[in-house]
Amino acid sequence: MPTSTTPVRSGTAAVITTVATVCPVFIVGGLSVQIIQELRFSPAGLGLVVAAYFTASALASFSSGQLVERLGPNTVGRAAIVLSSASMLAIALWAHDLTTLTILLVAAGPANSLGQLAANSLLAHHVPPHRKGLMFGIKQASVPLSTTLAGLAVPTVALTIGWRWGFGLAAALVLLALIAIPSGRGVATSSRKRTGKPSTALVVITIASGLGATAANPLGSFVADFVVTRGMSETMAGFTVTAGGIAGLVSRISVGWIADQRSGGRLTMVAIMLASGAVGLGAFLLPMNWVVPIATAAGFALGWAWPGLLNFAITLRHPHAPAAATGVTQTGVYLGGGVGPLSFGALVHVWNYDVAWAVMAVLMLISAGVMMVGRRMLLQVT
């Protein structure tokens, strides 16, 4: 192990790699108004582009985990950062219609998988056991940071020199993340220890994570519009989304810290969070408007703050191949990230918000039950 690979540097590298490799999709979201105006497509087209990105991430997730185990997290992390940067530069130069934008963003999908799983491996191998939960929480909390950076790009870049420059500057900044990656290739797994076909337990947990992500992901996309349709002001809509995001960020870190104080039961914690989040989504059906900000905070803090804890739990059960194992379960999270907004939007279009939130609450509750089944199966095989 290289001497430069300290816990602090590995943790820093994991967070920076995560932000750098998920940037393309959030930059597209942050600059969506300007992109839609120039490329002339509808918001529905934007939904399809984002869904395609997460689908590409899901399809690449399992093989990305195997690649991290074979080549090491440092090597793969560097490759992911370069791919993320290249995809954003390509969008700046060549995205002139919806089709090319979709193709180029799909090309960025594997960078997300590679970067996330390389970060998981860095944390699993180099962070002390009593701090792993906290670091997984911080890593996962860093994902909303990409949303913040994308939002800042609108007034500073998109509205001054154009959205294409936003992608070009982001591509250059992302390359700076290479400095954070430790030297060498990192811990690679011997061929005898690499995982092949995923266990049934991991598949069940993947299904649970997919259902949970499908139910939770619409929170970020639809809450603001939902608040306005309830007769509340746009200012209140902004406050509600901001409060929810802060609650989610604090929860991801806090839950990781709590998990470090426990000797087990992390997947049970995930299931409890999902079940509690389902109650939060169900509270959207209540007629009192004052409930909406509270329900939003509960949705973000409980129903959508569990992925870091899930990654932590899975790496503990698969210490010899953490990237490969989380590569399986992340497939569900990515698929849910794509399917969630599309299915929710369709439910709102055909029926209304009440029906859509009710369906998502039921899905999240089912996810909690399936997670407990997967936990029981995992305990029997590990």
Side-chain angles (χ1 to χ4, degrees), residues 137 140-141 144 204-205 207-227 229-232 236-237 239-259 262 265-310 313 332-333 336-337 339-341 343-345 347-348 351-376:
Q140 212 62 37
V204 172
I205 291 172
I207 293 171
S209 67
L211 292 172
T214 298
N217 209 36
L219 279 165
S221 305
F222 290 92
V223 162
D225 184 65
F226 170 65
V227 169
T229 63
R230 289 281 294 253
M232 303 164 72
M236 179 56 70
F239 167 78
T240 300
V241 173
T242 301
I246 293 173
L249 188 149
V250 172
S251 178
R252 292 179 186 212
I253 297 174
S254 301
V255 166
W257 180 82
I258 292 171
R262 298 171 58 91
R266 280 98 180 184
L267 288 179
T268 300
M269 288 176 63
V270 173
I272 292 172
M273 291 176 72
L274 285 163
S276 302
V279 175
L281 296 186
F284 282 138
L285 305 180
L286 298 175
M288 301 84 73
N289 281 347
W290 60 266
V291 174
V292 174
I294 298 173
T296 301
F300 275 104
L302 297 169
W304 201 210
W306 48 266
L309 181 57
L310 176 63
V333 176
V339 173
S343 58
F344 188 91
L347 288 169
V348 173
W351 284 286
N352 53 47
Y353 270 112
D354 284 352
V355 172
W357 289 127
V359 171
M360 295 302 137
V362 171
L363 280 181
M364 193 172 283
L365 196 59
I366 293 173
S367 171
V370 177
M371 187 66 70
M372 288 303 295
V373 173
R375 173 187 178 274
R376 190 175 303 112

[Y] and [X], any side-chain heavy atoms less than 4.5 Å apart:
X      : Y      : result
Val270 : Arg375 : no
Leu267 : Ile205 : yes
Ile258 : Met269 : yes
Thr296 : Val241 : no

Work out which heavy atom in [X] is nearest to a heavy atom in [Y]; give both atom names and the distance.
X      : Y      : value
Ile253 : Ala141 : CG1-CB, 3.8 Å
Gly303 : Ala216 : O-CB, 3.4 Å
Ala247 : Ala301 : O-CB, 3.7 Å
Ala213 : Gly337 : CB-N, 4.3 Å
Gly282 : Ala361 : N-CB, 3.9 Å
Pro307 : Ala305 : CD-C, 3.5 Å

Could you walk me through whether Trp306 and Ser209 pass the side-chain contact (heavy atoms from CB on, under 4.5 Å) test, one step at a time?
CA-CA 9 Å; Trp306 48 266; Ser209 67; 4.0 Å; yes
Which donor-acceptor pairs under 3.5 Å do the side chains of residues 273-280 make with protein atoms, sequence neighbours left out?
unit_1	atom_1	unit_2	atom_2	d
Ser276	OG	Ile272	O	2.9

Residues two or more places apart in sequence or in another chain: which of them pass ring pair (Phe, Tyr, Trp, His ring centres under 6.0 Å) with Phe226?
Phe284, Tyr353, Trp357
Test your reading of the model: is there a side-chain donor-acceptor pair from Ser367 to the backbone of Leu363, 3.5 Å cut-off?
no
Quick one: does any side-chain atom of Arg252 pair with a main-chain N or O of Gln140 as donor and acceptor, under 3.5 Å?
yes
Between [atom1] of [X] and [atom2] of [Y], what distance do you get to the nearest 0.5 Å?
X      : Y      : atom1 : atom2 : answer
Asp354 : Leu347 : CG    : CG    : 12.0 Å
Ile246 : Ser251 : CD1   : OG    : 13.5 Å
Ile366 : Met364 : CD1   : CE    : 11.5 Å

Could you go through the side-chain contact (heavy atoms from CB on, under 4.5 Å) check for Leu219 and Leu281 one step at a time?
CA-CA 9 Å; Leu219 279 165; Leu281 296 186; 3.9 Å; yes
Only pairs at least two apart or in different chains count here, so list each side-chain hydrogen bond (donor to acceptor under 3.5 Å, both in side chains) that has a residue in residues 277-293.
Arg230-Asn289
